[in-house]
Amino acid sequence: MNYVLAPSILAADFKVLGQEMKKTEDNGAEYIHFDVMDGMFVPSISFGMPVMASIHDATEQFMDAHLMVQEPIRYVEAFQKAGADSVTVHVEACEDVKATLNKIRECGMKVGLSINPETDVKEVVPYLEEVDMILVMCVHPGFGGQKFIPESLDKIRAIRVMLNEKNLETDIQADGGVYVENVREVLDAGANVIVAGSAVFRGDAGENTAKFMEILKSYE
Ligand code: DX5
Ligand code: ZN
């Protein structure tokens, strides 16, 4: 299993975004997590395709787009064109989940499916064979800097057990409220892709990335 850090630029200082991303890349973060919010599926609005297009060639990092967007199928092609390597959609946001996942696959990107804290894990069961990654929201989507919801650990565990039963080595991404102090619990539960916004970009992004990477490497 590959253990990966995905710094969420939502918490970054956008006037120096390129430099901030570079610090995470130089210290071993393989992904950049890109949180797209539409003001409908979640209350806030963040950023979209033009920002992705501008940053994706500033780094070699894998562009991990997390669409907190109603009916995300409408934007799959646009994110592919903007440089996304993967697109993750919410099971709660899609009228036709299967068609949305197929569309991401057809566009040549890795396929991710996310569930909110109040959504039962059984909602993702029909799609386990169809996805490269399951994203477990560990806070209510829409804002960075929230407190980790402890019940998320049970969900991560339950999904890892189901994947193992099916002999699937699918990634499980944990997103929201993850810090150096609690990341081991998240990894022990079965997550292997760690999203961290505040924990990376509040303070020295390079040093913070290095601290996460030391822990992630001990799990390889
Ligand atoms: C929340 C986003 C997260 C967020 C995480 O809606 O999906 O990716 O940026 O931020 P932190 O790590 O600050 O909780
Ligand atoms: Zn996210």
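Order of appearance sets the numbers: ligands from 1, and atoms from 1 within every ligand. Counting begins at 1 with the first residue of the sequence. Source: prediction; values computed, not measured.
- Heavy atoms only, all atoms of each residue included: F201 and A11 are closest at CB-O, 3.4 Å.
- Protein heavy atom nearest atom 11 (P) of ligand 1, with residue, atom name and distance: G145 N, 3.7 Å.
- Considering T88, N192, D64 in turn, D64 is the only one that fulfils the side-chain hydrogen bond (donor to acceptor under 3.5 Å, both in side chains) rule with Q173.
- The two residues M52 and A65 come nearest to each other via the heavy atoms CE-CB, 3.9 Å.
- Salt bridge present: R105 and D132 bring a charged side-chain N and a carboxylate O closer than 4.0 Å.
- Among protein heavy atoms, the minimum distance from atom 10 (O) of ligand 1 is reached at G144 CA, 3.6 Å.
- Using a 4.0 Å cut-off to heavy atoms of D175, the atoms of ligand 1 that qualify are 2 (C), 3 (C), 4 (C), 5 (C), 7 (O), 8 (O).
- Under 4.0 Å is where a charged nitrogen must lie from a carboxylate oxygen, and between K23 and D26 no such pair does.
- Side-chain N or O atoms of H56 include none that pairs as donor or acceptor with a backbone N or O of A84 at under 3.5 Å.
- H66 contributes atom ND1 as its closest N/O/S atom to the Zn ion (ligand 2).
- For atom 13 (O) of ligand 1, the nearest non-hydrogen atom of the protein is S198 OG, 2.5 Å.
- For ligand 1, the atoms sitting less than 4.0 Å from at least one non-hydrogen atom of D35 are 2 (C), 3 (C), 4 (C), 7 (O), 8 (O), 9 (O), numbered in the order shown with element in parentheses.
- Checked against the Zn ion (ligand 2), the N, O or S atom of H33 at the shortest distance is NE2.
- Between the side chain of E92 and the backbone N or O of N116 there is at least one donor-acceptor pair closer than 3.5 Å.
- Taking the six-membered ring for Trp and thresholds of 30 and 60 degrees, Y219 and Y3 have ring planes inclined between 30 and 60 degrees apart.
- Atom CD of E95 has 12 or fewer neighbouring heavy atoms from other residues, nucleotides or ligands inside a 6.0 Å radius.
- Using cut-offs of 30° and 60° for the angle between ring planes, the F14 and F47 rings count as perpendicular.
- When you scan the N, O or S atoms of D35 for the one nearest the Zn ion (ligand 2), you land on OD1.
- When atom types are taken as modelled, the side chain of S46 and the backbone of D35 share a donor-acceptor pair closer than 3.5 angstrom.
- Interface atoms of ligand 1 facing A196, defined by a heavy-atom separation under 4.0 Å, are 12 (O).
- Of all N, O or S atoms in D175, the one lying closest to the Zn ion (ligand 2) is OD2.
- Distances between N or O atoms of G142 and those of ligand 1 include at least one value under 3.5 Å.
- A heavy-atom separation below 4.0 Å is found between G177 and ligand 1.
- Residue G176 has at least one heavy-atom neighbour below 4.0 Å for each of these atoms of ligand 1: 14 (O).
- Close approach of ligand 1 to H33 is summarised as follows: ligand atoms under 4.0 Å from at least one heavy atom of the residue are 8 (O).
- Remark: side-chain polar atoms of K155 are not paired, donor with acceptor, to backbone N or O of V121 under 3.5 angstrom.
- Taking a 4.0 Å cut-off on heavy atoms, M37 registers as neighbouring ligand 1.
- Summary of contacts: the protein heavy atom closest to atom 1 (C) of ligand 1 is F143 O, 3.5 Å.
- Taking any N or O of M68, backbone or side chain, none lies under 3.5 Å from an N or O belonging to ligand 1.
- For atom 9 (O) of ligand 1, the candidate residues are S8, P141, A12, G197; the nearest heavy-atom contact is made by S8.
- Listed by number with element, the atoms of ligand 1 under 4.0 Å from a non-hydrogen atom of H66 are 7 (O).
- For V195, the heavy-atom gap to ligand 1 drops under 4.0 angstrom.
- Judged by distance alone, with hydrogens and angles left aside, the side-chain atoms of D171 form no donor-acceptor pair with the main-chain N or O of M133 at under 3.5 Å.
- For ligand 1 and L10, the ligand atoms under 4.0 Å from any heavy atom of the residue are 9 (O).
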